[in-house]
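Working notes, beginning with the structure itself.
These figures come from a predicted structure and were not determined experimentally. The figures that follow rest on heavy atoms only: side chains count, while hydrogens, waters and symmetry mates do not.
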Amino acid sequence: MSEDYCTIGDMPKPPVAEGPPYAECVLCRKPTEYPESYKGITLCPVCEWQEAQRTACSG
């Protein structure tokens, strides 16, 4: 996977899970692509994209 163009601060991305169980999104509670065992902020792909749009720099 290539580096993201915009990232949320200096937060490292959680590792991608190989299969269930998946962690819940902290915003919408839908399953994410991250392992349930990950301790930290996890976002589903939709919320992750929306958060990137909100925090993207304009210029």
Does Leu43 reach the side chain of Val26, with side-chain heavy atoms less than 4.5 Å apart? yes

Distance, nearest 0.5 Å, that separates CG of Leu27 from CD1 of Ile41: 9.0 Å

Under the side chain to side chain donor-acceptor pair (under 3.5 Å) test, which residues partner Glu24, sequence neighbours left out? Arg29

How far apart are the closest heavy atoms of Cys44 and Cys28, and which atoms are they? SG-SG, 3.7 Å

At their closest point, which heavy atom of Tyr34 faces which heavy atom of Glu48, and how far apart are they? OH-OE1, 2.8 Å

